[in-house]
K.L.:
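What follows is a structure written as structure tokens; I'll ask about it next.
Only heavy atoms go into these numbers, but all of them, side chains included; no hydrogens, no water, no symmetry mates.
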2 protein chains.
Amino acid sequence: MTDKRPYHHGDLRRALLAAAAEAIAESGPAALSLRDLARRAGVSHAAPAHHFGDKAGLLTALAIEGFNRLADALDASRERTGSLLESGVAYVRFAAENRAHFEVMFQPSLYDQDDPEVAVARQRAGAALSAGVSTLDEPPAAEDAREAELAAWSIVHGFATLWLAGAFPDPLGDDAGDAARPVIRRLFD
Amino acid sequence: MTDKRPYHHGDLRRALLAAAAEAIAESGPAALSLRDLARRAGVSHAAPAHHFGDKAGLLTALAIEGFNRLADALDASRERTGSLLESGVAYVRFAAENRAHFEVMFQPSLYDQDDPEVAVARQRAGAALSAGVSTLDEPPAAEDAREAELAAWSIVHGFATLWLAGAFPDPLGDDAGDAARPVIRRLFD
DNA sequence: CGGGCAACTTGTCGCTGGCAAGTTAGAGTG
DNA sequence: CACTCTAACTTGCCAGCGACAAGTTGCCCG
């Protein structure tokens, strides 16, 4: 979050996060190695620990970045289209385009979920999601609103997860968002 | 799958799978250690490799077991209730009660997804899911059937994943299945 | 110009996964 | 009842990893 640039490397922290995202997208979070990241960035094996404390710290930073990016994507979609359907599409598209972040965000055993920055970023994303549901033509009654929100979240999250897992037996095209649209539409227009 | 029982330990293969499920449920798949499993089972550190080849082999076996258990659960629910809604509830309940299996099943980077036994078990589960959709009162037209299936799968899978991740901000009770029912009902009755 | 501190490096430890080579125990055969 | 064959392990080893401790480097500010 701080914008002062370090001296030695230039911006090791960001470089490590980017390298981590790339490595995770290739081989999954379990195969991530701090030493490999250090090698990719051309620094010593202990340099990552200085910025993130330990492996969980690095993944915590990735999760924070992910929740913030997701909130940004959802807000942008809502401002642009005002459509809950398109917000759902944006959710799925975010997952496809930020695979590593998404995988880490929803696997809390990998990072420190009690971190206050995580809580803030997660709430931002949650609020962006809730705001989307309120754009429905027929806003549901107060008590139903919660269930509608859970249903919307579940269907887009499920589609995104299954897409990333390669679980769909038939090919559904290249664009996860376009593939998701007719499916999400079955829940609401 | 072979039923002849080994001699030395009794049934080390099953014991290791059970211990692995327990360990993963506690700390996630990334923290799994073959040597720790061996210690829990009271055997040498190389014993697991004999049964499963390597770590991926063990997780492959876990995934196979998981897909088969899921297929069984879905079939049982359909035979008992004939209701797609209750099949969805059964899906969520399976995830909650077999957390370790479920997490591994849908994280293909952890195991060998090209394994033929995995493919068979996965297809069994897929067929059980499809069969559930056909129990709808108004079976959708052929071309819509695929989308209806994806929507049903997505909403239950998403709910299950979010539940396991502890992503729901408010507490929804102890039983994942009961919590999911009103949410799933929003997609179909 | 000099102290201070952030950004690293170097070195080390215990643990892990994976491989190779041995050992043991039961099952099948004559 | 020996004899052998083989599955089910064990022992020993190596490289890689995460975490920690103790140095070293280089910019910034007074």
Side-chain angles (χ1 to χ4, degrees), chain A residues 1-24 26-63 100 104 107 109-112 115, chain B residues 1-24 26-63 100 104 107 109-112 115:
Chain A
M1 291 301 144
T2 57
D3 255 346
K4 55 178 173 181
R5 54 190 278 262
Y7 4 115
H8 287 133
H9 175 276
D11 202 344
L12 182 55
R13 190 188 151 92
R14 289 170 76 96
L16 287 173
L17 282 176
E22 197 178 341
I24 292 173
E26 285 170 13
S27 320
L32 186 70
S33 148
L34 291 183
R35 289 170 112 101
D36 181 52
L37 295 184
R39 254 173 268 134
R40 293 195 196 201
V43 293
S44 82
H45 68 262
H50 175 69
H51 287 281
F52 301 104
D54 58 4
K55 195 175 187 172
L58 189 152
L59 294 177
T60 303
L62 254 187
V104 172
Q107 208 160 352
S109 61
L110 292 176
Y111 63 96
D112 178 16
D115 183 288
Chain B
M1 290 303 141
T2 55
D3 256 344
K4 56 177 174 182
R5 50 190 283 260
Y7 4 117
H8 287 131
H9 174 276
D11 203 345
L12 181 55
R13 190 187 151 91
R14 290 171 76 96
L16 288 173
L17 283 176
E22 198 178 342
I24 292 173
E26 284 170 13
S27 321
L32 186 69
S33 148
L34 292 182
R35 287 170 114 100
D36 181 52
L37 296 185
R39 254 172 268 133
R40 293 195 196 200
V43 294
S44 81
H45 69 262
H50 175 69
H51 286 282
F52 301 104
D54 58 4
K55 196 175 187 170
L58 189 151
L59 294 177
T60 303
L62 211 59
V104 172
Q107 209 162 350
S109 61
L110 291 176
Y111 63 95
D112 179 15
D115 183 287

K.L.:
Quick check for you: to the nearest 0.5 Å, what is the distance between B/His51 atom NE2 and B/Leu34 atom CG?
P.N.:
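One finds 12.5 Å between NE2 of B/His51 and CG of B/Leu34.
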
K.L.:
To the nearest Å, give me how far apart CG (B/Leu34) and C1' (C/dC19) are.
P.N.:
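After rounding, the reported distance stands at 13 Å.
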
K.L.:
In whole Å, what is the span from the CZ atom of A/Arg40 to the C1' atom of D/dG16?
P.N.:
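Atom CZ in A/Arg40 sits about 16 Å away from atom C1' in D/dG16.
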
K.L.:
Could you check how far CG of B/Leu32 sits from P of C/dG18, rounded to whole Å?
P.N.:
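Rounding to the nearest Å, CG of B/Leu32 and P of C/dG18 are 11 Å apart.
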
K.L.:
Under 4.5 Å between any side-chain heavy atoms of B/Leu17 and B/Phe52, yes or no?
P.N.:
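They are in side-chain contact.
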
K.L.:
According to side chain to side chain contact (heavy atoms under 4.5 Å, CB included), who are the partners of A/Ala49, at least two apart in sequence or on a separate chain?
P.N.:
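Side chain to side chain contact (heavy atoms under 4.5 Å, CB included) list for A/Ala49, sorted by chain: empty.
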
K.L.:
Please identify each residue that fulfils side chain to side chain contact (heavy atoms under 4.5 Å, CB included) with A/Pro29, with sequence neighbours left out.
P.N.:
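A/Pro29 satisfies side chain to side chain contact (heavy atoms under 4.5 Å, CB included) with A/Ile24, A/Glu103, A/Gln107, A/Leu110, B/Gln107 once adjacent residues are dropped.
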
K.L.:
For B/Arg13 and D/dA8, what is the distance between atoms CZ and C1' respectively, to the nearest whole Å?
P.N.:
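Between C1' of D/dA8 and CZ of B/Arg13: 14 Å.
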
K.L.:
Round to a whole Å and report the spacing from NE2 of B/His51 to C1' of D/dA7.
P.N.:
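Spelled out: NE2 on B/His51 to C1' on D/dA7 is 9 Å.
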
K.L.:
Would you please name every residue forming a side-chain hydrogen bond (donor to acceptor under 3.5 Å, both in side chains) with B/Asp36, sequence neighbours left out?
P.N.:
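Partners of B/Asp36 by the side-chain hydrogen bond (donor to acceptor under 3.5 Å, both in side chains) criterion, ordered by chain and then number, come out as B/Arg40.
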
K.L.:
Check every atom of D/dA19, C/dT9, C/dA7 against the side chain of A/His50 and return the nucleotide holding the closest atom.
P.N.:
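Closest of the options to the side chain of A/His50: C/dA7.
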
K.L.:
Round to the nearest Å and state the distance from A/Leu12 atom CG to C/dC8 atom C1'.
P.N.:
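After rounding, the gap between these two atoms is 9 Å.
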
K.L.:
Rounded to whole Å, please give me the gap between NZ in B/Lys55 and P in C/dT16.
P.N.:
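The answer, rounded to whole Å, is 10 Å.
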
K.L.:
Over how many whole Å does the gap from B/Phe52 atom CZ to D/dA8 atom C1' extend?
P.N.:
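After rounding, the gap between these two atoms is 13 Å.
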
K.L.:
Can you name the side chain to side chain contact (heavy atoms under 4.5 Å, CB included) partners of B/Asp54, sequence neighbours left out?
P.N.:
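B/Asp54 satisfies side chain to side chain contact (heavy atoms under 4.5 Å, CB included) with B/Ala56 only.
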
K.L.:
Name the pairs: protein N/O against N/O of nucleotides 10-15 of chain C, kept only if under 3.5 Å.
P.N.:
from, atom 1, to, atom 2, distance (Å)
C/dG11, O6, A/His45, NE2, 2.9

